[in-house]
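Note sheet for the following structure.
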Amino acid sequence: MLHDVAIVGAGPVGATLALALADGDLDVVVLDARASGEILRGDRSLALSHGARLVLERLGVWAELGALADAVTPIAQIDISQAGGFGRATLDAAEQGLPALGYVVSYRALQAALDRALARTRTTIRHGVAVASVGGTPAYAAVNPECGDLELARLAAVADGSGAAVAGIARRRHDYGQVALIGKLWRAAAHAGLAYERFTPDGPVALLPEGDHYGLVWTTTPARAQELLALDDAGFLAALGRHFGTSAGRFDRVADRRTFPLVLEYAREPTAARTVALGNAAQTLHPVAGQGFNVGLRDAWQLAQVIVDTPREEIGDRTMLARYVRARRADRMAGIAFTHGLVNVFGNDLPFVRWPRGLALTLLDALPPLKRAFIRTMLFGLR
Ligand SMILES: Cc1cc2nc3c(=O)[nH]c(=O)nc-3n(C[C@H](O)[C@H](O)[C@H](O)COP(=O)(O)OP(=O)(O)OC[C@H]3O[C@@H](n4cnc5c(N)ncnc54)[C@H](O)[C@@H]3O)c2cc1C
């Protein structure tokens, strides 16, 4: 049987694509290695843009998230600063006439809401099915599970988070030689929606308000991260205080410390015969700018629009894939360049970039049009 679309991976991006296609008259099958109801990944705080909210609203997932206490935390302000240098910028939602600069949600809460929304559709979902490979011919894509039945489709949309399942899509890789140490932090004072992004000699540190606590993303070297993980809670909090400074006040509790390697991986051409990679399978970004899922969500939304606008017999053909690639090129490349540029300008401690960096922050704070352009990029991406 030939499906219209086979989606490999029902993570946040694959599930969004499946939901965006659910109302169409299309035969869609979704395969995910996770068992039904299981959420594999350890939790992390995701910063969602206003554009991401609009997409999730259209799909009925935002209301689902909102029904859970503390699942969504609006970001009212972002305090951006650098350690050991001048320059500070404050981005303020009210100043820009916006309801919020973005929203923090937990990966697990978002995935659970997407899973529930998807379960209510008529889409066929094969849980617990790990895909070994995806191969395309001019006529169809073949999705090969490690065990169980092969699926044939006009188009295979690979959203497995790594692109590992797909042959024929080359990915470039840049290893930042750093890791992100993440965890949850509590302090006595309420966060009032204030997020912090601080550029330090080791790399950026972000504090994202989430529910009753802050989500920490601390960029550092693998060796330093091991030392930090080995500290007891009190020692860790003291090290964070020395590294971050006093602007966020004093944290008195930490939990769930873990590390992730930081790499940039992206496919310049995210397509092969009858196959398209999207989300992290197409681009895995440094978390400094909180862009990864937001760019992936726009991949899913745009792909769904292109698919529903294409006659059934032409789904997955070269013309349709070229149309998708064209529609996504500028925003994908801008997301990659914006994130990589932030890491390079703000993620090192060369003295000759320290003062231009301070100047950039001061200018950002002083010039409303520049600030608006920066906020627009963070909120909606570039088009
Ligand atoms: C520390 C950290 C902080 C981050 N912060 C942010 C942030 O603030 N904002 C933001 O936008 N992004 C952020 N990101 C990035 C964000 O987590 C990713 O962009 C997002 O998870 C990508 O979703 P995805 O669906 O493409 O992939 P994933 O989340 O990896 O999901 C992949 C899915 O595919 C399934 N799968 C995998 N392999 C197979 C297979 N072979 N067969 C079948 N199924 C398979 C998995 O079970 C899973 O369900 C952060 C990342 C890190 C590491």
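Both counts, for ligands and for their atoms, begin at 1 and track the order of listing.
- In this structure, His191 and Tyr214 have perpendicular ring planes: the angle between them is above 60°, well past the 30° mark.
- At a heavy-atom distance under 4.0 Å, only backbone atoms of Ser45 (N, CA, C or O) approach ligand 1.
- Distances between N or O atoms of Phe293 and those of ligand 1 include at least one value under 3.5 Å.
- Nearest-residue assignment for atom 22 (C) of ligand 1 (options Val263, Leu297, Val217, Asn280; heavy-atom criterion): Asn280.
- Defined by atom type and a distance below 3.5 Å, a donor-acceptor pair is missing between the side-chain atoms of Thr90 and Asp79.
- Residues Asn144 and Glu151 have side chains that never bring a donor and an acceptor to within less than 3.5 angstrom of each other.
- Listed by number with element, the atoms of ligand 1 under 4.0 Å from a non-hydrogen atom of Val129 are 42 (N), 43 (C).
- Annotation: Arg34 places an N or O atom under 3.5 Å from an N or O atom of ligand 1; distance criterion only.
- Side chains of Arg53 and Tyr103: a donor-acceptor N/O pair is present below 3.5 angstrom, by distance only.
- At a 3.5 angstrom cut-off on N or O pairs, Ala33 counts as close to ligand 1.
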Test log, rule salt bridge (Lys or Arg N to Asp or Glu O under 4.0 Å), inputs Arg34 and Asp115
CA-CA 11 Å; Arg34 290 182 289 133; Asp115 286 352; 2.9 Å; yes

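- Taking only non-hydrogen atoms, the option from Val158, Ile182, Asp160 nearest to atom 1 (C) of ligand 1 is Ile182.
- Any N or O atom pair closer than 3.5 Å counts here, and Val13 shares at least one such pair with ligand 1.
- Checked by atom type, the side-chain pair Arg318/Thr271 shows no donor-acceptor distance below 3.5 Å.
- Ligand-side atoms of ligand 1 in range of Asn294: 11 (O), range being under 4.0 angstrom from any heavy atom.
- Checked by atom type, the side-chain pair Glu210/Thr73 shows no donor-acceptor distance below 3.5 Å.
- Contacts between Gln291 and ligand 1 below 4.0 angstrom, taking non-hydrogen atoms only, involve the backbone exclusively.
- The nearest non-hydrogen atom to atom 40 (C) of ligand 1, considering only Val131, Leu17, Val105, comes from Val131.
- When non-hydrogen atoms are compared, ligand 1 lies under 4.0 Å from the backbone of Ala159 (N, CA, C, O) but not from its side chain.
- Classification of the Trp186-His213 ring pair by plane angle, with boundaries at 30° and 60°, yields tilted.
- Which parts of ligand 1 touch Gly279 is read off a 4.0 Å heavy-atom cut-off, strictly below it: atoms 26 (O).
- Asp27 and His3 share a donor-acceptor pair across their side chains, judged by distance under 3.5 Å alone.
- Of all atoms in ligand 1, numbered sequentially from 1 with element shown, those under 4.0 Å from a heavy atom of Ala130 are 42 (N).
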